[in-house]
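Numbers restart at 1 for each chain; the letters A, B, ... are given by sequence-line order, proteins then strands. Side chains included, hydrogens not; waters and symmetry mates left out as well; all remaining heavy atoms used. Every value quoted in this text rests on a predicted model; they were computed, and no experiment measured them.
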Amino acid sequence: MSGGGCSIVWFRRDLRVEDNPALAAGVRAGSVVAVFIWAPEEEGPYYPGRVSRWWLKQSLSHLDSSLRSLGTALVAKRSTDSVSSLLELVKATGATQLFFNHLYDPLSLIRDHRAKEVLTAQGVTVRSFNADLLYEPWEVSDEQGRPFTTFADFWERCLSMPFDPEAPLLPPKRIISGDISRCPSDTLVFEDESEKGSNALLARAWSPGWSNADKALTTFINGPLIEYSENRRKADSATTSFLSPHLHFGEVSVRKLFHLVRIKQVLWANEGNKAGEESVNLFLKSIGLREYSRYMSFNHPYSLERPLLGHLKFFPWVVDENYFKAWRQGRTGYPLVDAGMRELWATGWLHDRIRVVVSSFFVKVLQLPWRWGMKYFWDTLLDADLESDALGWQYISGTLPDGREFDRIDNPQFEGYKFDPNGEYVRRWLPELARLPTEWIHHPWNAPESVLQAAGIELGSNYPLPIVGIDAAKAHLQEALSIMWQHEAASRAAIENGTEEGLGDSSEFAPIAFPQDVQMEEEIAPAPSPEPARNHNHLPGSTRRYEDQMVPSITSLVRAEDEETSSDVRNSVGDSRGEVPATNMNVNMDHDPPRTDVMEANNPGAFQAVRTNANNPRPHNNFTMGIHSAAEDSTAESSSTTSRRERDGGVVPVWSPSASAYSDQFVGDENGIGASSSYLPRHPQSHQIVNWRRLSQTG
DNA sequence: GTTAGTTTCTT
DNA sequence: AGAAACTAA
């Protein structure tokens, strides 16, 4: 807490003034320069989607006005290299300290570590804090001090930690502004002209910004929370918390949320309110999953990229861009799946249950590479969150030790009657099926011709027949699994013979690149709303594209496509056409918002379903990551199980891009993780094979 | 109470 | 698919 110069408080995904430890530290230390650096190129392939950028824009302006009312302002910088920008800011302001809150995705860990190194070398005191989690990932481990590998154990431990999560901090009363006269803000561009119309609709349903988040939190806790458990199974119930986008950008503090929910928990427990208690536990569990997603990302940085269970890398995914397209456009022939995909397309929002349905269908029935689906979610979801989505897709894909069985296929027809028993959800999003009786709504292909005729449906033209039958999918999956095990056995044999080093790195089994000719972010014209627009046929100001989307029929969808191909350049996700590097450290120096001439000739080759382990070999990582103990941090504690924690200057185990391998410290030994896993009894073959040390490097 | 059959849930 | 939690006699 040296006196003298001012502090830079670097905002990222902690866009709030309440319970913001970095900001609090800055305020305590004296004068503050609050900064946000927009450097999307640093995110590699994960340039935020349109709705996500819209949210960010609103949230930042909200934060800026809050800071202004407290005595300073938010300095906004456009950059392709956050660390350089920080250095410039240090020079321009004479700051002697830098404070920020932790992030846990691999890119941030590396960048933030570099920021610490570079700025410390310049004589700047750098301190970082936990603002995003109840407990830091390195605080939660089993009796042997190793990270958990199953959620249930992890969460049980979190709920019985010897010390409570930090109590939330109040917002500062006043902020003394550092001298920002020499660092003018850049104008940040978060949307282009073509996106403005669609974005205008978002504001009807959502209010970004930390104080709105706080209101949403209070509303939820005092209202729908008690029925959370009751209502969770309905596809379009308006009783989810709707906090996820707020949480993604750190507008609301999980710790505050946790404390408030805990108060209700105690209250309802005393009242013997069974439903309330169950609801609380369920809701907390979803908070736990969010925690766990960061935990996994931190402990297994490659899990955004590659299956956590090593043998899954041998699965022969179906690389079929037509399947992918049909899924995105809601034309799979399975009403519940299609309704979900149309809702996502139109609104950027999807109930959790439906996310499971559509992603499970994607992986198990279509057998498309899960990362494609994950990328599409990233591009389209309003609450897109890399760590959470990676965890979700890995769970669905059966690539987690405690995920779903890989060979399990859910039948969308049955799920339809489970989550949407009266077909209301399907009818809302698939107007072409609106007149179909409930009896057939989730399996129109079985309906008698007369019924279809009466409903105005002609399967195959009006609404598609299932693009893949469930039985065919099951057979296909079995076949694929046996191929997978063969490859796996061959690989294991090669390793045991010592003839093979790094098979997992060989391009043959590298992750499958994204389709080259696919526009990852479709033309989405959203009207996201807890209650999806009822009057969607005549929304004022809606573009024609919007109507095409909202009154979907095969013809209008096809027409919309044709237009796409022929019309002008539209915005697309910057790097979406490229491959997804495991971690892209090559900064794109283009300062303009990524803009891509989207349309290329359709690739005829794409029209064949190809079983492949990997087409398009991709470049290898040119570096590896390692985690060391936090030796360089003066505040480091060697044992994370001790109950004392530093509120200030939290300790982050050091990330080093140059370390040659994953540190043993964070990887179970050969048998360690597997032995306790519930996965093994179900998949005894994998008992010997899963080499967890390798897994962390390659799998 | 007991037991066999049924539904629900799984991160 | 399998366990756990429910129901119906």
**OP:** Determine if Phe151(A) stacks with dT11(B); use a centre-to-centre distance below 5.5 Å and an interplanar angle below 30° as the criteria.
**Re:** no
Original post:
Quick check, are the ring centers of Phe315(A) and Phe406(A) under 6.0 angstrom apart?
Top reply: yes
Subject >> Separation of atom CG in Asn281(A) from atom C1' in dT10(B), rounded to whole Å >> reply: 16 Å
Subject >> Tyr292(A) OH - dT10(B) P separation (whole Å) >> reply: 16 Å
Original post:
How close or far is atom C1' of dT11(B) from atom CG of Leu309(A), stated in whole angstroms?
Top reply: 13 Å
**OP:** Could you state the atom-to-atom distance from CG of Leu477(A) to P of dA1(C) in whole Å?
**Re:** 11 Å
Original post:
Rounded to the Å, how far apart are Asp402(A) CG and dA1(C) P?
Top reply: 19 Å
Original post:
Roughly, in whole Å, what's the span from CG in Asp153(A) to P in dT10(B)?
Top reply: 16 Å
Original post:
What about the rings of Phe154(A) and Tyr295(A), do their centers lie closer together than 6.0 Å?
Top reply: yes
**OP:** Provide, to the nearest angstrom, the distance between the NZ atom belonging to Lys274(A) and the P atom belonging to dA5(C).
**Re:** 10 Å
Original post:
Hey, would you say the Trp327(A) and Tyr376(A) ring centroids sit under 6.0 Å apart?
Top reply: yes
Original post:
Are Lys274(A) and Glu278(A) ion-paired here, with the side-chain N under 4.0 Å from a carboxylate O?
Top reply: no
**OP:** Round to a whole Å and report the spacing from CG of Asp410(A) to P of dA1(C).
**Re:** 10 Å
**OP:** Could you check whether Lys285(A) gets within reach of a base, just the sugar-phosphate, or nothing at all, counting any heavy atom under 4.0 Å?
**Re:** sugar-phosphate
